[in-house]
Chemist: 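One structure follows; several queries about it will come next.
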Amino acid sequence: MKKPTSTLLAGSAVALAAFACNGMAHAQSDPELQQQVRELREQLLQVRKELDAMKAQQAAAPVPSGPSAWQTPAAAPGASAPLTASAASAATPAPASAGTGLNFFGYAELSYMRPRNEIAATTATAGRGVLGFGYRFNETTRMAAELEVENAVASASDQGEVAFEQLYAEHDFSPSLSAKAGLFLLPVGLLNESHEPTRYFGVFRNQVETAIVPTTWRELGVGVQGTTAAGLRWNAGLTTSFDLAKWDPTSSEGHESPLGSIHQEGQLAHASSLGGYGALNYNGIPGLNVGGSVFHGGVGQHQPGSAASDASVTLAEAHARWQPGRWDLSALIAQGQFRGVADLNTSFAGQPTPVPDRFGGWYTQAAYRLWQQGEQSLWPFARYERLNTARSYSGLPEGLAPATQPDTRTVTVGASYYLHPQVVLKADYQRFLNDSNLDRVNLGLGFDF
């Protein structure tokens with residue numbers, strides 16, 4: 001077994017010291033030997049400096065930015081071995097500076113989208129740039145933050161946005177039990193905690209984990225997480241929820257993503273109605289992850305005069321990912337339901353976007369490592385998705401409810417070329433089976449650090 005570098009350096013230091021001491025006995029009568037002893041002493045001092053620097057780096061280990069350091073999810077695409085959770089959630093952070101607990105990490109994704117039948121709608125954008133930083137106060141307590149800029153520029157007249165994606169403190173009670181408090185990502189689905197562009201196939205995130213599960217979904221609250229020797233990982237917490245007062249029946253935003261249109265993201269969030277979540281994952285077999293989660297919370301926020309002050313929402317999902325050999329196979333299903341929105345929809349009669357009773361979808365995906373040389377690899381993939389953001393409505397008289405639309409069905413085929421496990425070039429073609437006018441070609445670049 002290969003010895004750690006620190007062990008080899010320590011052994012070298014001992015050998016040099018022994019040799020130097022042995023030579024001192026004869027050094028007074030031999031000028032050449034005196035010079036050799038002086039050189040050995042300088043080498044010994046250099047080895048000691050390197051040992052001290054390595055010990056300081058190990059004492060200031062990197063701070064995870066997503067799931068806690070004790071998690072071990074399946075390996076990310078392009079990786080040759082299972083990654084730690086800090087790597088799976090925000091790329092591998094650079095080592096902390098010697099003598100401190102501070103480190104930096106981040107990711108970026110840039111894209112080009114060209115519709116097949118509407119060339120004038122072609123766009124290119126720096127979709128996301130994220131800079132994260134963490135600080136380890138001691139061996140058990142740490143903090144992490146991620147600051148995100150969307151679409152390159154943020155101002156009152158631009159479509160960009162600047163936001164904290166995460167901002168929390170975490171503490172380990174034991175090697176298998178920890179807790180966090182602040183603004184953090186919920187452990188829902190396959191992408192919400194591990195959403196960097198090197199962690200998924202396709203230029204854009206899949207539609208189910210965008211429109212149904214509003215990735216990137218974060219809330220203010222407290223959470224507890226733990227593991228067992230059998231390979232189980234569990235999460236539970238109490239957080240803020242959504243705000244139905246933000247629903248705009250005249251806009252298409254609610255149809256594009258029911259929960260995404262009413263999320264609060266930690267910005268002066270109404271918190272009279274809270275939410276709770278629970279998640280369970282099994283990672284006991286290398287390369288396998290099977291799990292699911294449930295979130296339930298109030299969305300009416302007890303607002304005076306609201307027709308849905310006691311309304312609530314429930315979202316449940318189940319997922320699986322298996323990485324046997326060169327294959328990377330995954331699937332996910334998510335279902336959501338609003339309750340107590342009938343009276344609110346009555347007031348929306350005649351508007352194009354009332355609140356749906358039910359929404360949901362699923363996808364399945366397969367990728368294959370066709371070629372690999374050193375750190376470079378090529379992964380062709382294919383994905384099929386089926387989802388519906390509004391399966392039914394309540395509270396609307398017949399003739400005033402919008403027509404229920406058929407499920408959106410999309411096939412995406414493409415490839416990811418990894419220059420390095422943390423740098424990827426992407427290309428794909430998306431075929432929208434319900435409306436070929438939406439078909440498009442996508443190109444992308446992503447990296448994390």
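The first residue in the sequence is number 1, and the count goes up from there.
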Chemist: Could you report the tightest heavy-atom contact between Tyr393 and Pro356, atom names first, then the distance?
Modeler: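 That closest heavy-atom pairing would be CD2-CA, 3.8 Å.
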Chemist: More than 12 heavy atoms of other residues, nucleotides or ligands under 6.0 Å from CD of Gln159: yes or no?
Modeler: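 No, the 6.0 Å shell around CD holds no more than 12 heavy atoms from other groups.
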Chemist: Looking only at heavy atoms, which two atoms of Ser312 and Val299 are closest? And how far apart?
Modeler: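 Nearest heavy atoms, Ser312 then Val299: N-CG2, 3.7 Å.
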Chemist: Does a side chain donor of either Thr410 or Gln207 reach within less than 3.5 Å of an acceptor in the other side chain?
Modeler: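 Thr410 vs Gln207: donor-acceptor pair found between side chains.
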Chemist: Does Asn434 use its side chain to pair, donor to acceptor, with the backbone of Arg409 at less than 3.5 Å?
Modeler: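 Yes: the side chain of Asn434 pairs with the backbone of Arg409.
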Chemist: Distance under 6.0 Å and angle within 45° of the ring axis: does Lys426 meet both against Tyr200?
Modeler: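 Because its charged atom sits under 6.0 Å from the ring centre and within 45° of the axis, Lys426 does stack over Tyr200.
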Chemist: Under 4.0 Å between a side-chain nitrogen and a carboxylate oxygen: does that hold for Arg142 and Asp172?
Modeler: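 A salt bridge is present here (some side-chain N lies under 4.0 Å from a carboxylate O).
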Chemist: Keeping the roles fixed (side chain from Asn283, backbone from Gly231), state whether a donor-acceptor pair exists under 3.5 Å.
Modeler: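 Checked: no pair found.
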Chemist: Measure the CG-CD distance between Leu147 and Gln166 for me, rounded to the nearest 0.5 Å.
Modeler: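 Leu147 atom CG to Gln166 atom CD measures 12.0 Å (nearest 0.5 Å).
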Chemist: Strictly under 6.0 Å, is that where the ring centroids of Trp362 and Tyr384 end up?
Modeler: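 Yes, the ring of Trp362 comes within the 6.0 Å limit of the ring of Tyr384, centre to centre.
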Chemist: When rounded to the nearest 0.5 angstrom, what distance separates CD1 in Ile262 from CG in Asp248?
Modeler: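 Separation between the atoms: 12.5 Å.
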Chemist: Would you say Asn442's side chain and Met113's backbone share a donor-acceptor pair under 3.5 angstrom?
Modeler: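 Not a single qualifying donor-acceptor pair exists.
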Chemist: Strictly by modelled atom types, are Thr389 and Arg358 linked by a side-chain donor-acceptor pair under 3.5 Å?
Modeler: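 No, no side-chain donor-acceptor contact under 3.5 Å.
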Chemist: May I have the step-by-step check of ring-ring contact (aromatic ring centres under 6.0 Å, His included) for Tyr135 and Phe137, ending in yes or no?
Modeler: CA-CA 6 Å; Tyr135 189 85; Phe137 302 99; 5.1 Å; yes
Chemist: Which of parallel (below 30°), tilted (30 to 60°) and perpendicular (above 60°) describes Tyr107 and His195?
Modeler: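 Judged by the thresholds at 30° and 60°, the geometry between Tyr107 and His195 is perpendicular.
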Chemist: Walk me through it: do Tyr282 and Trp234 pass the test ring-ring contact (aromatic ring centres under 6.0 Å, His included)?
Modeler: CA-CA 9 Å; Tyr282 174 72; Trp234 59 267; over 10 Å; no
Chemist: Are Thr215 and Glu209 close enough that a side-chain donor and a side-chain acceptor fall under 3.5 Å?
Modeler: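 Looking only at side-chain atoms, Glu209 and Thr215 do not form any donor-acceptor pair under 3.5 Å.
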Chemist: Any sub-3.5 Å donor-acceptor pair from Ser261's side-chain atoms to Pro258's backbone N or O?
Modeler: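 Yes: the side chain of Ser261 pairs with the backbone of Pro258.
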Chemist: Go through the structure and list residues passing ring-ring contact (aromatic ring centres under 6.0 Å, His included) with Phe338, not counting sequence neighbours.
Modeler: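 Phe338 satisfies ring-ring contact (aromatic ring centres under 6.0 Å, His included) with Phe359 once adjacent residues are dropped.
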Chemist: OG1 of Thr364 to CG of Leu332: how many Å apart, nearest 0.5 Å?
Modeler: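 Those atoms lie 10.5 Å apart.
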Chemist: Go through the steps to decide whether Gln422 and Glu375 satisfy the test side-chain contact (heavy atoms from CB on, under 4.5 Å), and finish with yes or no.
Modeler: CA-CA 10 Å; Gln422 292 169 241; Glu375 294 182 318; over 6 Å; no
Chemist: When rounded to the nearest 0.5 angstrom, what is the spacing between CZ in Arg383 and CG in Asp428?
Modeler: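 The CG atom of Asp428 is 7.5 Å from CZ of Arg383, to the nearest 0.5 Å.
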Chemist: Answer whether the closest heavy-atom distance between the side chains of Thr227 and Leu232 falls below 4.5 Å.
Modeler: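 Result no, sub-4.5 Å side-chain heavy-atom pair not found.
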Chemist: Nearest heavy-atom pair of Ala366 and Leu329: which atoms, and what distance?
Modeler: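 What the structure gives for the nearest pair is CB-CD2, 3.6 Å.
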Chemist: Kindly say whether the aromatic ring centers of His420 and Tyr418 come within a distance under 6.0 Å.
Modeler: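 No - the distance between ring centres of His420 and Tyr418 does not fall below the 6.0 Å cut-off.
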Chemist: Mind running side-chain contact (heavy atoms from CB on, under 4.5 Å) on Asn206 and Phe204 for me, showing each step along the way?
Modeler: CA-CA 6 Å; Asn206 70 77; Phe204 301 103; over 6 Å; no
Chemist: Which pair of non-hydrogen atoms, one from Ala211 and one from Ser257, has the smallest distance, and what is that distance?
Modeler: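 Shortest heavy-atom separation between Ala211 and Ser257 comes out as O-OG, 3.0 Å.
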Chemist: Taking the side chain from Arg326 and the backbone from Tyr368, do they hold a donor-acceptor pair closer than 3.5 Å?
Modeler: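 Here the side-chain-to-backbone pair does not exist.
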Chemist: Under 6.0 Å between the ring centres of Trp217 and Phe242?
Modeler: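 Between Phe242 and Trp217, which both carry aromatic rings, the centre distance is below 6.0 Å.
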Chemist: Does a donor on one side chain sit under 3.5 Å from an acceptor on the other, for Gln323 and Arg369?
Modeler: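 Side chains of Gln323 and Arg369: no pair found under 3.5 Å.
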Chemist: Checking the side chain of Asn117 only, and the main-chain atoms of Ser436 only, is there a donor and an acceptor separated by less than 3.5 Å?
Modeler: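 Yes, the answer is positive, given that a donor and an acceptor are paired below the 3.5 Å cut-off.
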Chemist: Name all residues meeting the salt bridge (Lys or Arg N to Asp or Glu O under 4.0 Å) criterion together with Asp439; count only those two or more places apart in sequence or in a different chain, and write none if there are none.
Modeler: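 So Asp439 forms a salt bridge (Lys or Arg N to Asp or Glu O under 4.0 Å) with Arg116, Arg431.
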Chemist: Does any donor atom in the side chain of Thr198 or Asp448 lie under 3.5 Å from an acceptor atom in the other side chain?
Modeler: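 Yes, because at least one side-chain N or O of Thr198 sits under 3.5 Å from a partner of the opposite role on Asp448.
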Chemist: Please check if the distance between the ring centroids of Phe447 and Phe449 is under 6.0 Å.
Modeler: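 No: the rings miss the under 6.0 Å criterion.
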Chemist: Does one side chain, of His255 or Thr353, offer a donor that lies under 3.5 Å from an acceptor on the other?
Modeler: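 Checked: His255/Thr353 side chains show no N/O donor-acceptor pair below 3.5 Å.
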Chemist: Check the pair Thr239, Phe295 against side-chain contact (heavy atoms from CB on, under 4.5 Å), reporting the backbone distance first and the verdict last.
Modeler: CA-CA 10 Å; Thr239 68; Phe295 175 89; 3.8 Å; yes
Chemist: If only side-chain N and O atoms count, and only distance matters, is there a donor-acceptor pair under 3.5 Å linking Gln376 with Tyr417?
Modeler: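 Tyr417 vs Gln376: donor-acceptor pair found between side chains.
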Chemist: With rounding to the nearest 0.5 Å, note down the distance linking CZ in Arg386 to CD1 in Ile333.
Modeler: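 Here the rounded value is 11.5 Å.
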Chemist: Do Gln264 side-chain atoms and Ser241 backbone N/O form a donor-acceptor pair below 3.5 Å?
Modeler: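 A pair under 3.5 Å: yes.
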Chemist: Can you tell me how far CZ of Arg321 sits from CG of Asn289, rounded to the nearest 0.5 angstrom?
Modeler: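 The distance works out to 8.5 Å.
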Chemist: Does a side-chain heavy-atom distance below 4.5 Å link Asn192 with Leu186?
Modeler: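 Answer yes - side chains close enough.
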Chemist: Taking Ser377 for the side chain and Trp371 for the main chain, is one N or O donor matched with an acceptor at less than 3.5 Å?
Modeler: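 Such a contact is absent between Ser377 side chain and Trp371 backbone.
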Chemist: Indicate whether the side chain of Thr125 and that of Asn151 have a donor and an acceptor atom separated by less than 3.5 Å.
Modeler: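 Distance-only check passes for Thr125 and Asn151.
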Chemist: Donor-acceptor pair, distance only, cut-off 3.5 Å: does the side chain of Lys180 make one with the backbone of Gly221?
Modeler: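 Absent.
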Chemist: State, without any angle test, whether Gln337 and Thr314 hold a side-chain donor-acceptor pair at a distance under 3.5 Å.
Modeler: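 Looking only at side-chain atoms, Thr314 and Gln337 do not form any donor-acceptor pair under 3.5 Å.
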Chemist: Decide yes or no on side-chain contact (heavy atoms from CB on, under 4.5 Å) for Thr412 and Phe381, but give the supporting numbers first.
Modeler: CA-CA 8 Å; Thr412 305; Phe381 79 96; 4.0 Å; yes
Chemist: Please determine whether a side-chain nitrogen of the Lys or Arg among Asp357 and Arg339 lies less than 4.0 Å from a carboxylate oxygen of the Asp or Glu.
Modeler: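 A salt bridge is absent here (no side-chain N lies under 4.0 Å from a carboxylate O).
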Chemist: Is a salt bridge present between Glu265 and Arg218, judged by a nitrogen-to-oxygen distance below 4.0 Å?
Modeler: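 Yes, this pair counts.
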Chemist: When you measure from the side chain of His263 to the backbone of Gly260, do you find a donor-acceptor pair of N or O atoms at a distance under 3.5 Å?
Modeler: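 Checked: pair present.
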Chemist: Do Glu385 and Gln430 get their side chains close enough for a donor-acceptor pair, meaning under 3.5 Å?
Modeler: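 Per modelled atom types, Glu385 and Gln430 side chains form no pair under 3.5 Å.
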